[in-house]
S.K.: 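Take a look at this one; I'll ask things after.
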Amino acid sequence: MRSTFDMIRVQEDAFDVGAELAALSAGRTDIGAVASFTGLVRDFVGQEGGDDSKIAALTLEHYPGMTEKKLAEIEAEANRRWPLQASLIIHRYGRMLPGEPIVLVATASPHRAAALDSCAFLIDWLKTKAPFWKLEEGDGEASWVDARDSDDQAAARWRLPDES
Amino acid sequence: MRSTFDMIRVQEDAFDVGAELAALSAGRTDIGAVASFTGLVRDFVGQEGGDDSKIAALTLEHYPGMTEKKLAEIEAEANRRWPLQASLIIHRYGRMLPGEPIVLVATASPHRAAALDSCAFLIDWLKTKAPFWKLEEGDGEASWVDARDSDDQAAARWRLPDES
Amino acid sequence: MNIRYFAWLRTKVGKAEEEVSPPADVTTVGDLMTWLAADRPGFAEAIGRKGVVRAAVNQDYAEPDHPVKPGDEVAFFPPVTGG
Amino acid sequence: MNIRYFAWLRTKVGKAEEEVSPPADVTTVGDLMTWLAADRPGFAEAIGRKGVVRAAVNQDYAEPDHPVKPGDEVAFFPPVTGG
């Protein structure tokens, strides 16, 4: 099945999740399932209620050119693995405030499992393969976010048997 | 963590996925991840391109009272298993046309894996536990949709070790 | 006892709901199914096919050995297909 | 050769980008890292800590044994943290 709606957007402006999802399936009657994941800036680090770890703003740095290239590769891989009718990745860069969306991935398929699995795949792979770096502003000095082992583990579960 | 936005809606009217998702996280800055699944009426059965299996409309019959009870139980179970900040299940009944939404489930959490997994859990469990029945109208006589083994298998992967 | 039928079982039986007063020896869902089947050929045919009829007592799923008593709401239906 | 630095590696090195002309015996990403480290103390310190610097050649991830040649765009950065 050829996906008829593949889209990658890397942008500074905020976006409207509802409008983006509506566009994904607009005017179509062949889609049975749409899965989406939205990542948002949240106002705390780690466990909820930790009062020493408030986040005032987040700045996303990216590698222009390579970012678009990697996102397109990730989306193409999802389309190879699942019978998708549409897929969408939007990722912002620049400075953003708590409550604002950072990233949206969405997939559409005739069947539920393909939509759900490919959506999880897109965000898990994107986390470890797309060249973005987060800088957190809290009470004190801004600090670069460390990569997490749990992200590598989440991506690893999508590795195919012939990959090392 | 107590979920501060739990909602079950069983309704005949169509709904706006974007507006529902926006409401889920509106005015909040503590949510890091929102996952959603939308099930839509599609205009064909089985494999794409099968011209003998067009769907003109779908009617969902439900068991009023038991439906709400089971959906509330499913949502409560998701909240027991994952640290959710918000969860939403909307399921329609009555007659609907291709392209219209049937069901929306959405979950919010500080962390991506909890949102993604609980969203998949909600739709998988709902499929096998919520008392709805689909009647398809195609070219000829309307026919009741058969339950699928693949739905039982999808639900089974969420069974806890102490369950039979 | 309030009996409810859904989906194709409803069309087989020819009604969505009925009030019944089974004899005292009908104490389980299984007993009730056998008793109902006696003069409801559509229901008898449906329960004759293994695994196609599910039951709920007071809006919770119930196996054939689940007890039933006067005043209960007992529903019969095919496997669910929502979502 | 166009060298690019991102995130805290950019602040360590003190620039986002530079043009360099390494000698002919610099033929791999690893060679280039060693050569760049010679007079960039921030870069030297970063690559001294194991596993914290990643590289890309012409916008694809590259291991230390990956070849580099004049005209390439070579980027160095910490592990990614987007999404």
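The figures that follow rest on heavy atoms only: side chains count, while hydrogens, waters and symmetry mates do not.
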S.K.: Is it the side chain or the backbone of A:Asp151 that comes within 4.5 Å of chain B heavy atoms, both, or neither?
M.R.: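 Its backbone and side chain both get close to chain B.
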S.K.: For a 4.5 angstrom cut-off between non-hydrogen side-chain atoms, does A:Phe37 reach B:Cys119?
M.R.: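 Side-chain contact under 4.5 Å: no.
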S.K.: Counting heavy-atom pairs closer than 4.5 Å to chain B, which one of A:Asp124, A:Ile31, A:Val17 comes out on top?
M.R.: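 Maximum pair count with chain B is reached by A:Ile31.
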S.K.: When rounded to the nearest 0.5 angstrom, what is the spacing between CG in B:Leu21 and CD in A:Glu20?
M.R.: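 If I round to the nearest 0.5 Å, the distance is 13.0 Å.
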S.K.: Which value, rounded to the nearest 0.5 Å, describes the distance between B:His111 atom NE2 and A:Arg148 atom CZ?
M.R.: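 Rounded to the nearest 0.5 Å, the NE2-CZ separation comes out at 7.0 Å.
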S.K.: Answer with side chain, backbone, both or neither: which region of A:Ala22 has an atom nearer than 4.5 Å to a non-hydrogen atom of chain B?
M.R.: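 For A:Ala22, neither part sits under 4.5 Å from chain B.
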S.K.: Can you tell which of B:Thr29, B:Leu116, B:Leu40 has the highest number of heavy-atom pairs within less than 4.5 Å of chain A?
M.R.: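 Highest number of pairs under 4.5 Å: B:Thr29.
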S.K.: To the nearest 0.5 Å, tell me how far B:Arg112 CZ sits from A:Ser150 OG.
M.R.: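 Reported to 0.5 Å precision, the distance equals 6.5 Å.
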S.K.: Under 4.5 Å, counting heavy-atom pairs only, tell me which of B:Pro98, B:Gly32, B:Ala35, B:Gly18 racks up the most with chain A.
M.R.: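 Result: the option with the highest number of such pairs is B:Gly32.
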S.K.: For A:Val103, is it the side chain, the backbone, both or neither that has a heavy atom under 4.5 Å from a heavy atom of chain B?
M.R.: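 Looking at A:Val103, nothing touches chain B.
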S.K.: Does any heavy atom of chain A fall under 4.5 Å from the side chain of B:Ala120, the backbone, both, or neither of them?
M.R.: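 Contact with chain A is through both the backbone and side chain of B:Ala120.
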